[in-house]
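A short worksheet on the structure shown next.
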Amino acid sequence: MAIIPFHNEKELLGKIATGDERAFEIIFNRYYDKVFRYSLRLLQEREPAEEIVQEVMLYLWQQGDKLAEIKNLEAYL
């Protein structure tokens with residue numbers, strides 16, 4: 001497993017807004033488990049929880065300029 005260096009989330013969100021796939025990958029990897037566990041706790045089924053995580057991450061990718069408004073990414077997700 002590759003070591004991912006710490007990045008400022010504000011910086012990463014700005015890069016995602018410009019289409020930077022690597023920045024999105026870092027955010028995806030950083031938050032996938034948290035969003036998945038939360039979804040699984042609510043839905044009690046693995047497959048729908050995984051689908052929710054995919055939808056959440058896709059929505060984040062599609063937000064563009066709105067990403068600059070996010071103050072707390074973990075709470076937002």
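Because the structure is a prediction, the values reported are computed rather than measured. Residue numbers count from 1 along this sequence.
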With side chains defined as the heavy atoms from C-beta onward, is the minimum distance between Met57 and Val53 less than 4.5 Å? yes
Polar contact flag, side-chain donor to acceptor under 3.5 angstrom, Gln54-Tyr32: no
Heavy atoms from other residues, nucleotides or ligands near OH of Tyr38 exceed 12 (cutoff 6.0 Å): no
Taking CD in Glu47 as the centre, count heavy atoms belonging to other residues, nucleotides or ligands within less than 6.0 Å. Is the count above 12? no
Spacing of Leu60 atom CG and Tyr31 atom OH [to the nearest 0.5 Å]: 10.0 Å
At what distance, to the nearest 0.5 angstrom, does CD1 of Ile26 lie from NZ of Lys15? 7.5 Å
Does Lys10 have more than 12 heavy atoms from other residues, nucleotides or ligands lying within 6.0 Å of its NZ? yes
For the atom pair NZ (Lys71) and CG (Leu13), what is the distance rounded to the nearest 0.5 Å? 11.0 Å
Would you kindly confirm whether Leu77 and Tyr59 end up in one hydrophobic cluster when ILVMFWY residues are joined by side chain heavy atoms under 4.5 Å apart? yes
Does a side-chain heavy-atom distance below 4.5 Å link Asn72 with Tyr76? no
Output yes when a side-chain donor or acceptor of Lys34 lies under 3.5 Å from a complementary backbone atom of Glu74, and no otherwise. no
Distance (rounded to the nearest 0.5 Å) between Leu12 CG and Leu67 CG: 11.0 Å
Calculate, to the nearest 0.5 Å, the distance between atoms CG and CD belonging to Asp65 and Gln63 respectively. 10.5 Å
Would the number of heavy atoms belonging to other residues, nucleotides or ligands and lying under 6.0 Å from CD of Glu21 be above 12? no
Determine the interplanar angle of the Trp61 and Phe24 rings, folded into 0 to 90°, and report it as parallel if under 30°, tilted if 30 to 60°, perpendicular if over 60°. perpendicular
With rounding to the nearest 0.5 angstrom, report the CD to CD1 distance, Glu9 to Ile16. 9.5 Å
Could you go step by step and tell me if Arg22 and Glu25 meet the salt bridge (charged side-chain N to carboxylate O under 4.0 Å, His left out) rule? CA-CA 5 Å; Arg22 177 65 180 135; Glu25 181 182 350; 3.5 Å; yes
